[in-house]
Every structure is written in C-alpha cells, then in structure tokens.
Amino acid sequence: MVEPNWKNRTLFHGDNLKFMRAMNSESVDLIATDPPFNKGRDFHATPDSLARGASFQDRWSWEGDIHEEWIAQLENDWEKVWEVINSTRNSWGDDMGAYLCFMAVRLIAMKRLLKPSGSIYLHCDPTASHYLKMLMDAIFGRKNFRNEIIWCYEVGGRSKQKFASKHDILLYYSKSNKSKFNADQVRLERRKTHMKIEIDENGTEWQVKRDAKSGKIYRYPIDIGVLCPDWWSDIQQLNRSDPQRTGYPTQKPLALYERVIKASTDENDIVLDPFAGCATTCVAAEKLNRQWVGIDIWPEVQDVVVNRLENESLIAPKYTRKTPEMKERYLWAEELHFTNRLPKRTDDGKTDTSYLAVKEEAVLEGWQRIPKQKVVDLLQRAQWHEERKGIVCGGCGRVLERPFMHLDHIRPRSDGGANDISNRILLCAPCNIRKQDDRTMRGLRQENVRVNWMVNKELAETAQIKADNCAKRVKRTYPNLPELTESVDTQ
C-alpha cells in the first residue's frame, strides 16, 4: 500500500474536499464520518460549552452551493451518479439535488483514499438516507454494500402528530470483496434472563438445559457473546448531562464509533473522519490504538480534541514531567498536529489512479472540436495493424475488429483530461471497463498484467504513441478548422 503523506494524529482545518484530493491514494483503512444530513436548518453549539462558537448550515441550494467543475466531473465520468442526482432533483427538488452533488464529489474522493481492504461507514438519518444509499451504490458498487445499520435510542422529544423519530442510520460499504471485518470483536453480551445458570467451584458459569424427550440434563459453558446484528439498541444517544458532552450540536457517543472501529480495523490501522466535528471518531481511534486523521472547517476543533483526550486520560496533563514511564502511559501534546496546509502527494508513479482533481475546462481550439465519430474514424486508422488487419488496443495489445473497440480517455476526465482527440484512444471492451472512471493508462496496463489480461505491452504502448501522433498531425494540418476530411494523413 502507498504510505500516508501526513502524520498520525493530524487534524486538517478547511474544506475536506481539497485535503482529500491532496492525500495519497489507498492510504486509509476506515472512513467513519457523520456528515450534514440536509435537515434544512442551522446548527449551533451551546454558548457556554467547550464547543462554543461551533456552527454549520445544513441548508442547500443549487445556485449557491454547487460548483460547475463538480457538474462537469460527474456528467462526464460518473454517469450513474449524475443520474441519481438528476432524478432526485426531479422527485424532491434542487435542495436535495445540491446536497447529493456536494456529497458525491466527496464520496468519490473518499473511495480513492480507501485501501482495497478498507470500509466506509456513513452516518445519516431518514431525511436523506435512501438517496445517499443510491449515491453510494453508484460510487462504491451495490455489490460492496454490507449493511444498513439501525442505531436506536431513547433520548429526545416525542411528537403527537407521528411516531417518535428514534433512530439514525449507518450505511456500511466496503471498497472491495477483500474488506476486513472482525465479528468477534463486537460480540454482544448474551442475555441470561431465560437461562438456567449454574456456577461451579471455579466460578465458571454454565447454562443448564434438560432434554425434553429423555429428561437428560446437559451443561454448556456460556460463550463470549452473540454476534452483533444490524440494529443497535444498546448504545444510547448522549443526554444533556452526559460527561462526554462538549456542546457540539450533533455529537455522537464514543461507544458508537468504537464499535465501528473495532469491527473494521486492527490495531495501528488508519482511520479517517472527513467531517470530524468534535472529533469523536478521532478520540475513539486513539482509545483503541489506531492511527487517525481528521478534517473539519471549524477552527476550534483542536481545543476540543485536546480536552476530550484529557478527559479520557489519554494525553498527559500540563506540566507533567517526561519520564519513560509517563511516556509509555500518555500521549503528549506535541504528538498532535493541527494545520491548514495541504499535504504534498508522494504517490506519483506508485498509484494506478488519477489525482481526481477537477480542473477548469480548457477552451478548445478549432482542431479539437471534432465530432466523436470522426475521432473514432481517425484513431481507427492510426491504431491499425496492417499485418494482422485489425485495431490495436492501447491497454492490452490485442488486435481486434472495429465492433470490439471503445473510445476512452488517455488522461481521465476526473484528472482534468479533455474530450478532444489529443486525449483519446481506442480500447477493447474489457480494458474500457477495467479502466473505469479514474484509472490512468499506466495503471490500466499494470492491472492487465496483474489479472493476466496483457497480451503485448509494447504493442499497447505503441498504439498510444500512434494515437498521440494522430492528434499532432490533425493539429498541424487543420489548426483552426472543426471540420476534417478523409484526406487527413494519420499514419
């Protein structure tokens, strides 16, 4: 896996999208986060609390919150995601569409950061959970959906106009079928209400059962607990007097995120929370000896995380003398890193996916404004193999007939690649699928070698060179004309 390009125990201050785009690919084991829910209102921390001054707006508008770059990225590279957003705008309205657009570009970035064995838990409520599930199906793949976890609680008000709303939802997806899951780490205590229990001289508890037919008595050791189901009623929402309370408006209990972290990571794994808030995920990760990184736009989050670590007796009290014994017992303040500077990516040449940074659309010159079918015709001639009478796939080196070839981007659209002929190549159908929306040509060839699909790497690379030369010849011959004739020399 690629090494992280940030230090353990880092909290970034700013828009999480720009920080996630600056983080190395496949460097995170778990993302556990509690984003806005599109509740249509503003949230403010309790004025006299530790989190005083914290607030965020959970209202969305298409005109005010959506960037054109996001739309261009989704329309061109994530068609299924764009369909979800468009259909939601039609059925609900622009506010939900804007919220999903905001979440989509961030979920795409989160997917890139996860290792193949990684998982994501997205906390939400029934306001938008069904729309978010469609969005995550489109991004992570419906086969990677693991659970819709129902978290039930008792606190809060009740309504006489409807049944009281007393649950939240955690959407749990894996990056692939290689995901990590530690079922035994999150077993629940078995209820003994209807059991007949005997305790032997060693203090061991045994369950006693009588066979209904024979009358014979059997004794079973009581096991370590029952496997955890997908509805959780044993963890309560924080009440106003709970010692964990910081006053942050949407704070969740540590036990909730401790269970998530135990289930999907091992010690020293890396946990990310892109909507860190009052840093519940980060504190839970520290308690469980995981590495962590958080991102939030709220500048005072660093004060809260220090205080919470002190309350959990994880960080050394001020003026504590550094001795080997104390060092082993406590985390020290200088081991926490708070910054608003973007990390510098160090995975160049080590990852097979693109930066996923949406860039402004370039203004195309006349020769670049070629109809799609004309581009296909020109590349067909450029990638033609005369001896074998077929078109060479730029991904695997296979030589196939025209019906088996598909037009694709050399530099992914998600990395700023344009739709013009200088960024186009013909691939066979399997390579076109394998390249997906964010894989580079180099990454595609690496993957083809890994899955034993590569036929002739040198021939594939030559096909890309020929496609590039085709564009150069078109530019030289017709620099200002969008219309081309069959007389263009592309060989």
Side-chain angles (χ1 to χ4, degrees), residues 76-80 141 348-354 364-479 481-491:
N76 286 288
D77 300 303
W78 297 84
E79 294 181 9
K80 292 181 180 179
D348 293 341
K350 299 178 183 178
T351 177
D352 63 356
T353 55
S354 69
L364 300 183
E365 300 177 21
W367 67 275
Q368 295 172 300
R369 301 175 185 274
I370 304 172
K372 182 178 179 180
Q373 187 54 52
K374 182 63 68 176
V375 172
V376 173
D377 293 341
L378 291 169
L379 290 177
Q380 177 177 332
R381 296 170 61 191
Q383 295 177 227
W384 182 260
H385 195 289
E386 186 59 37
E387 293 181 6
R388 298 173 63 178
K389 303 299 180 185
I391 303 169
V392 180
C393 170
C396 64
R398 281 176 170 75
V399 181
L400 301 168
E401 298 176 354
R402 169 68 189 92
F404 299 102
M405 306 302 288
H406 295 258
L407 187 64
D408 211 325
H409 296 88
I410 295 174
R411 182 184 182 186
R413 283 283 295 158
S414 54
D415 194 24
N419 282 324
D420 68 88
I421 189 173
S422 64
N423 192 46
R424 295 294 212 165
I425 194 168
L426 292 176
L427 303 177
C428 67
C431 283
N432 175 250
I433 295 171
R434 193 168 288 121
K435 193 172 186 297
Q436 300 180 349
D437 300 303
D438 59 354
R439 202 182 293 275
T440 61
M441 287 300 298
R442 178 181 179 279
L444 172 63
R445 295 189 190 109
Q446 287 179 340
E447 181 67 9
N448 282 339
V449 171
R450 189 184 71 82
V451 299
N452 201 29
W453 183 252
M454 179 64 73
V455 170
N456 190 323
K457 185 177 180 181
E458 183 178 353
L459 200 58
E461 291 173 344
T462 301
Q464 183 173 338
I465 294 172
K466 289 186 174 182
D468 184 57
N469 289 338
C470 170
K472 291 178 181 177
R473 288 187 172 90
V474 170
K475 179 180 181 180
R476 185 173 61 247
T477 309
Y478 294 93
L481 297 178
E483 301 294 336
L484 296 180
T485 66
E486 294 296 329
S487 63
V488 176
D489 179 14
T490 60
Q491 300 300 319

Is there a side-chain contact between [X] and [Y] (heavy atoms, below 4.5 Å)?
X	Y	answer
Leu379	Met405	no
Leu427	Met441	yes
Asp468	Gln464	no
Lys466	Val392	no

- Are the side chain of Gln383 and the backbone N or O of Leu426 linked by a donor-acceptor pair below 3.5 Å?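 Yes.
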- Message: Donor-acceptor check, side chain of Asn423 to backbone of His409, threshold 3.5 angstrom: yes or no?
- Response: no
Minimal non-hydrogen separation, [X] against [Y], with atom names:
X	Y	value
Ala382	Cys470	CB-CB, 3.7 Å
Cys393	Cys431	SG-SG, 3.8 Å
Ala460	Gly395	CB-C, 4.0 Å

- Task: Just jot down the salt bridge (Lys or Arg N to Asp or Glu O under 4.0 Å) partners of Asp408, sequence neighbours excluded, or say none.
- Result: none
- Message: Could you tell me if Arg398 sits above the aromatic ring of Trp453, with its cationic atom closer than 6.0 Å to the ring centre and no more than 45 degrees from the axis?
- Response: yes
Hey, could you give me the [atom1]/[atom2] distance between [X] and [Y], rounded to the nearest 0.5 Å?
X	Y	atom1	atom2	answer
Arg424	Ile421	CZ	CD1	10.0 Å
Leu444	Asn432	CG	CG	9.5 Å
Ile425	Arg411	CD1	CZ	15.5 Å
Ile410	Ser422	CD1	OG	7.5 Å

- Item | Under the side-chain hydrogen bond (donor to acceptor under 3.5 Å, both in side chains) test, residues paired with Gln373 that sit two or more places apart |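 Counting only residues at least two positions away or on another chain, Gln373 forms a side-chain hydrogen bond (donor to acceptor under 3.5 Å, both in side chains) with Asp377.
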- Which one of Met454, Lys435, Lys457 satisfies the side-chain contact (heavy atoms from CB on, under 4.5 Å) criterion with Asn448? Met454
